[in-house]
Amino acid sequence: MKKILVFISFLTLLSSCEDVVEVSVPNSEPRLSIDAHFNLFTDENPLRLEGGVRLTLTANYFNNTVPLVKDATVFITDLYTANQYPLIYNPSTEYYTPKNPEILINYDTQYRLTVIYKEEVYQGVSKFISVAPISSVIQGTKTLFEGDETEVIVSFKDDVAATNYYLYDFGFNILRPIEDRFFQGQEFVFSNFYSSDEVRPGQSITIKAFGIEKQYFTYIELILQQTGNGGPFQPLPATTRGNIINTTAFDNYPLGYFLISEAYESDLLIQ
Amino acid sequence: MRFYHGLFLAVFLFGYNSLKAQEKYTLSGIISEASSNETQIGVTIAIPELKTGVITNEYGFYSISIPEGSYDIHISYIGFQSIIKTISLDKNLKIDFQLIEAVAQLDEVIVSEDIEKVNIRKAQMSVNALTSASIKKIPAILGEADVIKSILLLPGVTSAGEGASGFNVRGGAVDQNLILLDEAIIFNSSHLFGFFSIFNPDAIKDVKLYKGGIPARYGGRISSVLDIYQKEGNSKDFKVNGGIGIVASRLLLEGPLEKDKGAFLIGGRASYAHLFLALANNDNKAYFYDLNAKLNYKLNSRNNIYLSGYFGRDLFGISESFINVYGNTVANFRWNHLFSDKLFSNLSLIYSDYYYGLELDLIGFQWDSGIRNFNLKYDFKYYLSSNFSLNYGINNIYYKFNPGEIKPNREDSGIVPAKLTDKYANEFGVYIESEHKITENLSVQYGLRWSHFNRLGQDIFNVYRDNNPVVFNEAFQIYQGATPVGVNNLSRSKSLASFNNFEPRLAMSYLLNTNSSIKVSYNHIAQYLHLLSNTASPTPLDVWTPSGPFAKPQLLDQYALGYFRNFMQGDYAFETEIFYKDIDNRIDYIDGANLIANNSIEQVILTGTSRAYGLELLLQKNSGRLRGWLAYTWSKSEQQTPGRTANESGINGGEWYHTPFDKTHDISLNSSFELNEKWSFNSNFLFQTGQPTNYPIGQYEQRGFTIPLFGPRNEQRLPAYSRLDISATLSPRKNKDRKLQAEWTFGIYNLYNRRNAAAINFRTNTDSGNNEAIRTSIFGMVPSVTYNFKF
């Protein structure tokens, strides 16, 4: 929410000028990036898993693509039972996924992810984090700057017992991390605006909610700031560290985060 | 004991003997402008025969004690006709002088008034002065004359860029400038995110910027003092002054309450660009307005009272979804009292309120925050002798900080009301300083300030294990906030933390010959308030926070050395200074610190040091039809926050890195040319090294996003900034024969339309999928027309 404040106040300030320019950027040694997000839709039968582990390397900023890593060994260990579950690479999705996603939906245990690449061992730990279901998704009538945006109003009831963090996926690469600081235990109602390029009447949109934890909330906010519009109001950027470490060579740390979220989905047809 | 007794006696007798040797009398009075009774600051009263003199203080008062005799007194002040008066001094005399504006001959029309004939004799260095007339002549964006934009043309002063509020002095941060408006502290000096300053140029009388050698009477901010005095009002005649521009207009009315005894002044400005938006059916708005009201009354020859108020507001809104309102309110009561011909005093009682509010209908909340302070100052100036004067006084400020309050703004909002804990503090200072002319060639200004800051109790104060609010996670090599182990509730009469600092100030000047001098200065200053900001330039949401158990006061040592020279009887002046600043306890932020609405700031801050050093050059031409100045600054400003133990990485690996406002080269050229009685032309040229920034050293992918990978802080630079502005002013001949004086100013800002980068950001293009560097620039070429009038 605070990000919206800063984002909007900056954005409108710039009725100025934006141009694409050529700059030369420094190069750095390639580093392993581990994108290990598991979204488990528990209210569906059979249980659906989106995500998994996607391994890539860093590349020069202006390269068209980043190298994909397909030859690593990846498995998840359930730390209470000590069972190990291998993850298999799926060429069509580019993710390593477990054969049976049900192993991941235990709220009471902790899971450790292990990735072995070029003889170095990378590990991270996560719990299965629950999410409050979406109560309703309806279309609103308000607009933003241009006047032709589509407003979608989402509401959900926060669990009063704990401090909760959520990640909302509105499609079109729009992610919104939310913390329950200002609405603990309440029904929280908020809006998202789609531009007219993204959404037209007659189209259907899908909104997903994922459960996340505090360190991930800080992490994903930083990532989104670095990919978003930024500007003079952007905090000084820094290398964003995740929760996975290189146990073989500490300084050759990987980028990325290991997160297992419970997920909820809701569709809406736009009028 | 006997030794001291003897010493005291010896000094007393010596002093008494000197007194006895020649009877001295005091000549004192007030110097004001003839047509308005407006007191004038910095007027020179010289007695060439005695090779001595004095200048008027902030209230136009002067006092000089010289031996009995008959002398020619020379009164001079740029822009006015000089006065020579012969007086016979055989008792204390009170003489007030009225200055008449110099006739508008070509040779006399002043452009850069006080940046002219450098006073090479005075010990005060590192100071630049500007008057309202010169500020109004400097071409500015959209034709709106602007105090802050004018000081940016001086050496050692830069800003983070167009659209950034605040200014940086000698590599210092924007929160390190003490901005005073008629003795009252101002927290935010800009309207609309830095596009305009809050000061109405018609209301301004005198502006001084101290970049170093800061006298002991100022305290609380370590990089500079911007001391602004406004006009008091014309107590002879009713006058109107105004201007109509493209974006904003202003009007000032002043007149007598009782002729020659009291006056009022009311001035206002408002912008109306948003109305054009409304016409285009766009319901976004951005506007500001400010109002200045003053009353002054001369009770008798020894007492003057002043009452003034300032109110300014900015409103910025995007349809009805987002509305941002903020501004300063100041109310000020001052009383000048002359205890004797030699002892002048001023008592000020000031109330100031800085408000910041945000209404975000998207999510359903209303946010209010602000700072209130009550300030009492009592300043004395004792003009002991022509070689020695003493300033002393006290200054007490009581603060209440509201870091934020959140309320739902409509019935169906899910927001739960919340309040960030109010913070309270008291800042007290007492000082004594003297200006001492030791020999004919050596003048010294030395002083000591003692400051005491007390952070008072508040409702909720977190308690941490080992008193450590920030922990270092060695596995992930990141700093994280610690979870409080408890909460304290302390009444406001108790203290959470208190700090004491002795702040010595020293400045010396040595006259090499009648045309040149060298000066040296040293300051030690403590700053107790901090503006929390971890972005490249301050955002509207930044909050001020007082020092406390987890945030120590910033402490500065500044050394400066300068050389000053006049050429060709003062037609040209050259000054150069080198400076070095060392600052302890500079606040730095852990990576990704979220400062907005954070009730536990202590969990995201670490303490480090910063330093800055540089060379400034200034060459001025003060006479003739072509006048102006060329300023060049080379400087370096950097900071370092090492880990607190050997196991911690610190910020940026504990290495020194450029501050966000470090500018290696800064060149400004200001010139004005009087063609004839009708036309005058002005121009500015600026060139600055680009601001430090961060370019990605690679890219990686997460969750469908392409993310730039960043390395060490602030290692790259934006492209250099350069700009040329020109303006032409037309004063119609009709002005000669009528009461209404009008002029038209035509200006072009950024004549060659250079797209100066305010920021370069990196994004993935959603259509092509390729990564791009996007440059944001704020102003291209902007023409303007302004109509200024007075009658």
Side-chain angles (χ1 to χ4, degrees), chain A residues 1-2 4-6 8-9 12-14 16-21 23 25-28 33 35 37 56 58-64 66 142-145 173 182-184 186-191 218 221-223 226-227 229-241 243 245 255-256, chain B residues 163-164 193 284 318-319 321-322 324 358 360 362-363 406 412 414-416 418 475-478 534-537 539-541 591-592 594 596-597 694-705 707-711 713 755 758-763 770-778 780:
Chain A
M1 170 189 25
K2 285 144 270 170
I4 299 181
L5 267 62
V6 179
I8 290 178
S9 55
T12 48
L13 194 61
L14 300 190
S16 43
C17 194
E18 288 198 337
D19 300 295
V20 178
V21 292
V23 297
V25 291
N27 264 322
S28 62
S33 162
D35 173 10
H37 69 275
T56 52
T58 61
N60 181 286
Y61 186 73
F62 291 112
N63 278 14
N64 286 334
V66 294
K142 296 213 194 91
T143 61
L144 214 53
F145 319 113
N173 260 8
F182 301 119
F183 54 87
Q184 188 115 353
Q186 307 277 85
E187 181 87 12
F188 183 52
V189 182
F190 66 101
S191 302
T218 313
E221 279 205 318
L222 281 178
I223 296 286
Q226 292 178 0
T227 57
N229 296 310
F233 294 168
Q234 185 180 20
L236 299 181
T239 311
T240 328
R241 303 286 287 254
N243 68 347
I245 59 176
L255 300 161
Chain B
F193 309 116
N284 299 331
I318 299 168
S319 62
S321 316
F322 173 90
N324 180 205
L358 199 55
L360 201 62
L362 288 179
I363 301 171
I406 295 158
D412 60 338
I415 297 289
V416 170
F476 303 137
Q477 293 284 295
I478 55 176
N534 66 341
T535 52
S537 70
T539 78
L541 299 166
D591 289 339
N594 185 0
I596 300 170
N694 294 276
Y695 286 176
I697 60 174
Q699 58 169 311
Y700 63 106
E701 289 181 0
Q702 291 279 312
R703 289 194 97 116
F705 289 98
I707 306 158
L709 175 67
F710 292 100
R713 282 194 188 180
R755 292 274 164 211
I760 292 188
N761 302 114
F762 296 86
R763 302 203 282 261
N770 289 333
N771 289 334
E772 298 176 326
I774 312 275
R775 172 190 65 198
T776 306
S777 50
I778 313 247

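These numbers come from a predicted model, not from an experiment.
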- Query: In Å and rounded to the nearest 0.5 Å, what is the CD to CD distance from B:Q702 to A:Q226?
  - Reply: 11.5 Å
- What pair of heavy atoms forms the shortest contact from A:P26 to B:Y695, and how long is it? CD-CB, 4.4 Å
- Residues B:I774, A:V21; criterion side-chain contact (heavy atoms from CB on, under 4.5 Å); working and verdict: CA-CA 6 Å; B:I774 312 275; A:V21 292; over 6 Å; no
- Task: Determine the interplanar angle of the B:F762 and A:F62 rings, folded into 0 to 90°, and report it as parallel if under 30°, tilted if 30 to 60°, perpendicular if over 60°.
- Result: tilted
- Item | Interatomic distance, B:Q699 atom CD to A:L255 atom CG [nearest 0.5 angstrom] | 12.0 Å
- With rounding to the nearest 0.5 Å, note down the distance linking OG in A:S33 to CD1 in B:I707. 7.0 Å
- Task: Sort A:T56 into side chain, backbone, both or neither according to what part of it lies under 4.5 angstrom from a heavy atom of chain B.
- Result: side chain
- Item | Closest non-hydrogen atom pair, B:Y700 against A:T58 | CB-CG2, 4.0 Å
- Query: Is it the side chain or the backbone of B:I697 that comes within 4.5 Å of chain A heavy atoms, both, or neither?
  - Reply: both
- Specify which of A:T240, A:V25, A:T218 makes the most heavy-atom pairs with chain B at under 4.5 Å. A:V25
- Message: Is A:N60 close to chain B through its backbone or its side chain, or both, or neither, when contacts mean heavy atoms under 4.5 Å?
- Response: backbone
- Start with the C-alpha distance between B:F705 and A:N173, add both sets of side-chain angles, then the distance that settles side-chain contact (heavy atoms from CB on, under 4.5 Å), and finish with yes or no. CA-CA 7 Å; B:F705 289 98; A:N173 260 8; 4.0 Å; yes
- Message: To the nearest 0.5 Å, what is the distance between NE2 on A:H37 and CZ on B:R703?
- Response: 4.5 Å
- Query: What's the shortest heavy-atom distance between A:V23 and B:A773, and which atoms?
  - Reply: CG2-CB, 3.8 Å
- Message: As an exercise: rank B:A475, B:A418, B:P696 by heavy-atom pairs under 4.5 Å with chain A and give me the winner.
- Response: B:P696
